[in-house]
2 protein chains.
Amino acid sequence: MFDIRVFIALMSVDKKEHIMHVAMELFAEKGFEGTSIRDLAQKADVNIAMVNYYFGSKEKLFEQLLADKVQFMRAKIEAVESNESLTEIEKIDHIIDGYVTRFLAQPDFHRVFLQELLVTQRANLHQHVLSLFEKNTRDVVSIIEKGIQKKQFKKVDPQLTFISIVGTINQVMMSKEMCNTLMHASTNHNPYQDPKFKKRIIEHIQQMVHAHLIITTVS
Amino acid sequence: MFDIRVFIALMSVDKKEHIMHVAMELFAEKGFEGTSIRDLAQKADVNIAMVNYYFGSKEKLFEQLLADKVQFMRAKIEAVESNESLTEIEKIDHIIDGYVTRFLAQPDFHRVFLQELLVTQRANLHQHVLSLFEKNTRDVVSIIEKGIQKKQFKKVDPQLTFISIVGTINQVMMSKEMCNTLMHASTNHNPYQDPKFKKRIIEHIQQMVHAHLIITTVS
DNA sequence: GTTTAAATTAAACAACTGTTTAATTGTGAT
DNA sequence: ATCACAATTAAACAGTTGTTTAATTTAAAC
């Protein structure tokens, strides 16, 4: 049955989500301060008052953009960490794969996330993003420490090892043009949807982290 | 002899440089769009017209901030690369040390640099920053490739290896609070002036890159 | 059809933006 | 003292900002 109320409700959600989607693009491209509500309203083809009607303010829209993704961001790492059937190095490999997959799937959002890590202007948002990162750091650090305890890993710096993993991906994600230079591709190419690109990054990080972590038994 | 003209000239330079110094701090903290000329003028204790008087515009001030440091940014890598008396791994170690030293010495500027890499709003500035990064990438990649050619290095991904080096430092530099969490220090601590912090980062990266690059000869 | 409430709109709001102007001050050379 | 010019200032400029208002439209419930 065609229920007009459901249709309307869906349209309404779509409109809100449409605004959020466009906002994500603009924030990623121009930054938070660089994006005006009028820009956003025009690109999303809605009235400028709708942003405040739906979200209350520009800053709250931004907060909701982050909050909406945060739940999903945390879930994977927690799932991997609590999976008892995986060895420590398998967990690390899963986390690397998960990070790259997630970041490549939502490059726009990730750039917004990085901006907020970089700019301390909006203190509470900055703290929020920071605390999320710290949670992830703690999880991965405890995995590496367990590997060291089991004498499977070298006595490395666990915190900085995690930072190298995330830092590598972030550095790659910082600019589309940079990715295309890496892939020797043309400027209009979209590297984030290129499976070869994804494979290349995952293999590099895993290879490097393996060499860094795993104790080579002299035969 | 006390020459009033020299004094004035010095004062004048000092005033310009004073504005640039304060601008660097504000841009790093609030971003380019987030920093208003009135903010800057107030914090630097100058008239708001002085910025346009000295630099022409806010954007030109920003460009000059970058341009002023760029020369110094390139010099070290080029010097290391052309130094014939160094082995490939020594060159890499020097570059790692140089990067960390430079970035820790000018954390404010570096955050501005990263912001410009992240935000594509000011296209020409973005391209400029990008091309600088590509130059450095090419230099380091050619060092790694030479190491591979000489069968001293494993057949790694040279581009992504460089990105891991820079990415690790950038990730650390992204937030002062993050550094303090790493060092288990209090919030008001300045990690960028802590020699222990510097040592820890350099040792981690060098250790990781060594494991990643150097072929372990089975004895 | 009437009612009720949500959705949508154009217009106005006050505050802030980067920049320019025109007047004034300070300084060194003549 | 006078001149020329750089430095400095407060004020005004035109445009944009995020947000609010008050009016209008839409659509479901009765």
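Every chain is numbered from 1 and lettered A, B, ... according to where its sequence line falls, protein lines coming before strand lines. In this text, all values refer to a predicted model and were calculated from it rather than measured experimentally.
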Checklist entry - Any side-chain heavy-atom pair from B:Gln159 and A:His184 closer than 4.5 angstrom? => result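 Answer yes - side chains close enough.
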
Checklist entry - Choosing from C:dT8, D:dT19, D:dT8, which nucleotide comes nearest the side chain of A:Ser57? => result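 Minimum distance to the A:Ser57 side chain belongs to D:dT19.
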
Checklist entry - Cationic tip of A:Lys16 within the cone over A:Tyr53's six-membered ring, i.e. under 6.0 Å and within 45° of the normal? => result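 So A:Lys16 doesn't make the cation-pi contact.
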
Item to check | Axial cation check for B:Phe113 ring with B:Arg111, 6.0 Å and 45° limits | outcome: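 Relative to the ring axis of B:Phe113, which defines the angle, B:Arg111 lies outside at least one limit.
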
Checklist entry - If only atom types and distance count, is the side chain of A:His94 paired as donor or acceptor with the main-chain N or O of A:Glu90 below 3.5 Å? => result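 The answer is yes, because a donor-acceptor pair under 3.5 Å joins these two groups.
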
Next on the checklist: Among residues 45-53 of chain B, which ones have heavy-atom contacts with DNA chain C below 4.0 Å?
Outcome noted: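 Under 4.0 Å from DNA chain C: B:Ile48, B:Ala49, B:Asn52.
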
Next on the checklist: Please find the pair of heavy atoms, one from A:Pro191 and one from A:Phe197, that lie closest to each other, and give the distance.
Outcome noted: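 So the minimum-distance heavy-atom pair works out to O-CD2, 3.2 Å.
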
Enumerate donor-acceptor pairs with a distance under 3.5 Å from any side-chain N or O in residues 58-66 of chain B to protein atoms, sequence neighbours excluded.
{"residue": "B:Lys58", "atom": "NZ", "partner": "B:Phe32", "partner atom": "O", "Å": "2.9"}
{"residue": "B:Lys58", "atom": "NZ", "partner": "B:Thr35", "partner atom": "O", "Å": "2.7"}

Distances under 3.5 Å only, N/O to N/O: pair up the protein atoms with those of nucleotides 14-17 of chain D.
{"residue": "D:dT17", "atom": "OP1", "partner": "A:Ser36", "partner atom": "OG", "Å": "3.3"}

Checklist entry - Of all residues at least two apart in sequence or in a different chain, which pass the salt bridge (charged side-chain N to carboxylate O under 4.0 Å, His left out) check with B:Asp139? => result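 B:Arg74.
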
Checklist entry - To 10°, what angle do the rotation axes through the five end pairs on each side of the helix from C:dG1-D:dC30 to C:dT30-D:dA1 form? => result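 Overall, the helix from C:dG1-D:dC30 to C:dT30-D:dA1 bends by 0° from one end axis to the other.
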
Item to check | side chain to side chain donor-acceptor pair (under 3.5 Å) partners of A:Ser186, counting only residues at least two apart | outcome: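 Here the qualifying residues are A:Asn188.
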
